[in-house]
Amino acid sequence: MGQLKILYFAWVRERIGRDEETLPRPPAGATVAQLLDQLAATSAGHAEAFADRARLRAALDQSFVPLDTPVGEARELAIFPPVTGG
Amino acid sequence: MGQLKILYFAWVRERIGRDEETLPRPPAGATVAQLLDQLAATSAGHAEAFADRARLRAALDQSFVPLDTPVGEARELAIFPPVTGG
Amino acid sequence: MRVSAEDFDPGAELARLEALPGGAIASFTGLVRDDGGLTALHLEHYPAMTERAIADIVAQACARWPLLGVTVIHRHGTLPVGARIVFVGTASSHRVASLEACAFLIDWLKVSAPFWKQERRSDGTRGWVEAAGADDARAKAWGK
Amino acid sequence: MRVSAEDFDPGAELARLEALPGGAIASFTGLVRDDGGLTALHLEHYPAMTERAIADIVAQACARWPLLGVTVIHRHGTLPVGARIVFVGTASSHRVASLEACAFLIDWLKVSAPFWKQERRSDGTRGWVEAAGADDARAKAWGK
């Protein structure tokens, strides 16, 4: 088992109203997108933040991944808009 | 009529042994290359400097020109190797 | 490589690169630009990922070009108009290598370093900057 | 734009470009590189043509990219190993414009500014540097 820490940044963080939360690690094979479906049911803020998946990016253990990537053994998932640094 | 000032740079200058000379302006239609033929006959240094035309570049009144360009009304001709600045 | 809220001195950064034996130094500095009404940019970042992402970009550049030195500085926090945001400097023995690596690094920072810019305007409004598709296209043009 | 025997301060040049409203500053600095046995480069130039050639290159860059400022400095005379030779700095509102214009300017300086480098070596020999075909090809790649 174990825990999965989830981090939010920029307007994703603002809509959800928190910068992190911790969940039990999802079942083997569950993808980031499936986890977002599950989280979207937990609050109006989550639902709004995750409504348009095309505007979301994800990182597992600090590496960018597509949303259909299985969470696997990762300890940290981050959800955020496309980056705008530089 | 009038005069044509000729400037030499880098190893062209060294082989000729001077950095400039002045000639009567050549006849209408005469090209830079024809002028080099004429100058090559004036000293061993000129002959050596102008032996390999592929290694020479020219400027008429401070603008690069191909060697087959007529000298025309220009007042200053410069002969030099390909540039190596920057 | 530094990620910091602090300002930096581009002249001192260039001097450090000039002291290397390469002879060809390229740099890019990005500042907060006044587009009319902007007072500041606030830069949020993902600290645990930032260092890793920038180290990865620098390693890619070093694998691709013969570089003798690379400096990447990216600030975070609230930066007023005219403040420096980012600096990339490269040193090489080859002019083309230093220029290309510098352009590569800043292009990749734009699309793969986890920073988000929020505009703060003189009318009190705030808005997150949207990613430009052109940046993605330009970074992809470098291939992998 | 300056052609001078004097040294210059890249940090001060960058600061001047940063003071413009653009926000995107690119630079290139070229130094005398120690290739083993070199003690100095002597740079000869054609003064009456140099100013015209550099002004023409800068005008081409300004016609091609939306630049807010351009600095070109090229030294002549005898420059020891480690000395600065050339500086190109560009300021724009657009990252890509400043980077491309900077690369364009240094590429064109290499092939169209009337400077000739002579190497002076520790064994007392001197030799004129031969033009590299690659520089010509790279400058031509920018088109006209």
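In what follows, chains carry the letters A, B, and so on, assigned in the order in which the sequence lines appear, proteins first and then strands, with residues in each chain numbered from 1. Being a predicted model, the structure only gives us computed values, none of them experimental.
Neither the backbone nor the side chain of His76(C) has a heavy atom closer than 4.5 Å to any heavy atom of chain A. Proximity to chain C is absent for every atom of Arg57(A), based on heavy atoms less than 4.5 angstrom apart. For Ala10(A), the parts lying under 4.5 angstrom from a heavy atom of chain C are both the backbone and the side chain. When heavy atoms are compared at a cutoff of 4.5 Å, Ala113(C) approaches chain A solely by way of its backbone atoms N, CA, C and O.
Checking side-chain atoms of Arg75(C) against main-chain N and O of Arg84(C) turns up a donor-acceptor pair under 3.5 Å.
Between the side chains of Glu100(C) and Trp142(C), no donor-acceptor pair of N or O atoms lies under 3.5 Å. Side-chain contact annotation: Tyr8(A) with Glu21(A), donor-acceptor N/O pair under 3.5 Å present.
Between Glu119(C) and Arg121(C), at least one side-chain nitrogen of the basic residue sits less than 4.0 Å from a carboxylate oxygen of the acidic one, meeting the salt-bridge criterion.
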